[in-house]
Every structure is written in C-alpha cells, then in structure tokens.
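Throughout, protein chains are lettered first and strands after them, A, B, ... in sequence-line order, and every chain is numbered starting at 1.
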Amino acid sequence: MIDVRLLRDDPEAVRASQRARGADEGVVDAVLAADARRRAAMTTSEGLRAEQKALGKQVAQAKGEEKTALLARAKELAEQARGAAAEAEVQGAEYDRLIRSLANVVQGAPPGGEDDFVVLREVGSKPEIESPKDHLELGELLGAIDVERGAKVSGSRFYFLTGVGARLELALLNLAVAKAVEAGFTPMITPTLVKPEVMAGTGFLGEHADEVYRLAADDLYLVGTSEVALAGYHADEILDLSAGPKRYAGWSACYRREAGSHGRDTRGIIRVHQFHKVEMFSFCSLDDAAAEHERLLGWEEEVLQAVEVPYRVIDVAAGDLGSSAARKFDCEGWVPSQGRYRELTSTSNCTTFQARRLSVRERGDDGSTRPVATLNGTLATTRWLVAILENHQLPDGSVRVPEALRPYMGGLEVLTPVS
RNA sequence: GGAGGUGUCGCCUAGUCCGGUCUAUGGCGCCCGCCUGCUAAGCGGGUUUGGGUGUUAAAGCCCAUCGCGGGUUCAAAUCCCGCCACCUCCGCCA
C-alpha cells in the first residue's frame, strides 16, 4: 500500500510510476476520488456520532417527561448515525480496495518490461567445458537427483534429492546461514503456512495470486518464500531501529504452483513446486533502505563467489517488478548447458509498501510513528545446485565441490558418479 | 475432539455480577519540570494507537480503540452470539 499523502500531494509521481510499470494510471484518479468521498462520509458520520453521544449523556441525567422526549430524539439520531456510519464504511472499503490495487512507486528502476533490464556487472569467469552435461544428467550420474520418483510420488516438478544431492543442498544452505550469522542476521526457521492477511500484506495475492497454494479447508496459504512469514513477524508492532536494521535470515521450504509456466524449464530442478531457501529480510528506516538494498546485494554476491559460480547482476526493469517492490536486483548464475544466465537470487526494496499493509512502524525522534522499510534477498536456494553442479563438472561426470562447501560435507572434495 | 479458566492504554492491575457518574483506576517504568552540594528520595505534570478536521507548522476540537468480529440498546469494557490466542485437565495421535 502506498502513502495516500504522496498520492494527494504529488499524484503525477504515482501516475509516472504506473506508466513505467505498464500499469493503469487511471487508478490514481479513481483512488483520489474515492478518498474524497470517504472523507466526506466520515465527517458526516463522526459529526452525527458526536451529537448522539452528547445526547446520550443528557438522557442519562434526565427524568420523567423530559427523559421521554429526549429518548425519542435520541432514537431518531441513532437511526441517522447508523445510516451515516454504514455509508462511511462502504466508502472506506471502496477506497481501501482501490489504494491496495496500486503497486509500489518505482524508485530508480529502468523503464520497460522483462527484457529491458540493465546489466550492472559480470563477475567470475565462465568455465570452458566441452559439451557440458546438464545438471540433471550430472545429478543422476552422481545419485544426487531423482526426478522420476519425485513425479511418481508427487507429480511433475517434484524431485528427491538423494545422497550427495541432499548433502550438497544442506551444505549450501548451511553455508548461507553461516554467512548470514557472520553478517549479524538472526537465523529463523519460519512457518510455511500463513494466514490470508499476512499473505495479502506482503503483496502476493495481487496479480500473482494464482502462483500461491491455498489450503481452503483451513484458510491458510503455503508460502512461496519465508519473506512472507518474516514480513509478518513484526506485524502490528512499533520497532526500535535506533541501533540499525533488524535483520533476519529465514530458512524454509518454499511452495509455488508455477501456474502459467507449463512447458518452461520442465527438465530437472530449475523450476519446481517445492524447494528450500535461505532468505534475508530486513526491517530498516526508509532513509536507510537504498543503502540496505546495496548491502543485501553485497551479501548475495559474497555467497555466490564463495561457491565459485560466475554470475551477472541485473537491475530489473519497472515492468518486471513485483507489486511490492520499488526496485529489484537479480543475480543470475551461469548455466553452461544452456549457455546463458539464470536467476539465482533476487533482492527487492519494498520501501514502506509492505510495512503499511502489515502495520510495522518505528518511532521518530519527535515521538511520532512512521512505517519502516522492508527488504528481502536470496542467500541460497535449491536452484543453485544447478549452477554448482554444472560449473564444477569434470569430463567424467564428477563434480568438484567448491572449497567453501567442503566443511559442510565432511571434507568431501569431489562428487563421483555411482556405478 | 471435550470440559473449565483467562484476555483492560509498555508491564502489573481496578472496573464486568447489577449498562449511563469510565473522559478506563492505581502502581511500576519512562519523559518534562520543581526542590536539594551530586545521586537517591520528595513534589507537580505528562505518557495507547489509528483516523478526521485544522495549520506554513502546531495547538485545539472530533471519531474510533478494553483479544477479534457481529448483535441487543437512546447508550456496551460491562448484556448476548460467533471466532482467536494462552493456561489447566481429559481423550486421541505421528
């Protein structure tokens, strides 16, 4: 949810943002009109209510005939007040629906759609591999990935990580947690089922609602990332951020329906319904948010470098941002079998968009409250196994274990094919 | 799944039976001031949150807020219904 004051004071800024996203800018004026109606209805309703309360006090003290007369008047007023309150509620709900339909105001992202990203830098050198095997072939050789049985048990886009595959994922996630702890994050293991208001608060029930698994019988949602639970962690709280941002590293399973991506990335574990992720989440002051965003990106790059995967950093275009994000940087790892970069991390600055919906605030110097900024970023996911396996493969199908992961794999240096 | 209990403005707490005098009591903590070599004590004042109105900004005024949502009533912390969380016990169960 964006700041209604920004909308009133500078509607053109919001229209420009909507244009940059390729979204409907007419909503801006619809919200403004609804806001005016809402406030008018509220003033009427509150005035009547004040009158009613005053009269109520007279009723309490009056006696006999006077009381009877006042009571008659009070009943009439109560009826009017009820009507006005109902009208105010209708207008308020309409305003709420409209303002929640607005995406966050873009901040510095390049204009355009999915293909209009800007490459900020490329890091690491791509390995020279003659006819590289893809991650699934490697995974099967190593006894690390079993998609056939995944499909047997759960359907397409499910898999088992087996043996060294399971160990490799645990090693990767543990490395990520260790890095996070080193950087001062509080590690968290989060719920993966959340209430509707939390899911809505993070902005995932907007245009991407069909990506989310819902358990109708319990009215709960399966999270697509621990960002959801972490954002909700401080809902309805007033935080003290005077000592700096509150930083959490969430470890969780993530669930995605992948509706609308039929036929894309059907091979292997690039696009799956369930995976694991270590996610950074930061609550910080709005003033500090852009700098914090750079820091999150820095930590992502640190882990990518630790596992020795070549990558590039892109500044995601406005039209490809989620509704909560004002700006987003992705790190894309090199995938030799595809000869291209694929998304491995994504860090978003959601400014105050999520915090407003979830009511996460901090206290200003003057004692007033204001919404905080929230940011998130990927520190490691199951998908990284694709890049790790492929970039470190050897001609015989063995895979060199990056040094940083070895301590988490009992010192194992090379994964070798099982006979 | 069943029975009982609890939920009040940071924390503790009064009020709920019997609706209006609740503009929610008191203590602790915190903030401001006074007083006193300093500190402590003492004294006085302030201290939920959201919104509306107003303004250069503010003050002020108004509405809502006693776990959440409904209902009854001229009027609800208080009465009724539903839900949630926590505690105690019973049953069941990886």
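Comparing B:U53, B:U49, B:G20 by their nearest atom to the side chain of A:Ile238 picks out B:U49. Side-chain atoms of A:Arg38 lie closest to B:G51 of the nucleotides B:G51, B:C74, B:C63.
In this structure, A:Ala74 reaches the sugar-phosphate backbone alone: every heavy-atom distance under 4.0 Å involves primed, P, OP1 or OP2 atoms, never a base.
For the OP1/OP2 pair of B:C74 and a distance below 4.0 Å, the side-chain nitrogens and oxygens of A:Arg82 include no atom meeting the criterion. OP1 and OP2 of B:C74 both lie 4.0 Å or more from every side-chain N or O belonging to A:Gln52. Side-chain N/O atoms of A:Thr369 include one lying less than 4.0 angstrom from OP1 or OP2 on B:G50. Close to B:U53, at under 4.0 Å from its OP1 or OP2, lies a side-chain N or O of A:Arg39. Regarding contacts with the backbone of B:U49, a side-chain N or O of A:Arg363 is found under 4.0 angstrom from either OP1 or OP2. Contact annotation: A:Arg49 reaches the phosphate of B:A64 (side-chain N/O to OP1 or OP2, under 4.0 Å). In terms of phosphate contacts, A:Lys53 brings a side-chain nitrogen or oxygen within less than 4.0 Å of OP1 or OP2 of B:A64.
Partner of A:Asn104 under the side-chain contact (heavy atoms from CB on, under 4.5 Å) criterion, out of A:Asn349, A:Thr352, A:Thr351: A:Thr351 alone.
Counting only distance, with no hydrogens or angles, the side chain of A:Ser398 and the backbone of A:Leu394 share no donor-acceptor pair below 3.5 Å.
The pair A:Glu51-A:Arg73 meets the salt-bridge criterion, since a charged nitrogen lies less than 4.0 angstrom from a carboxylate oxygen.
Under the 3.5 Å distance criterion, with hydrogens and angles disregarded, a donor-acceptor pair is assigned to the side chains of A:Gln354 and A:Glu227.
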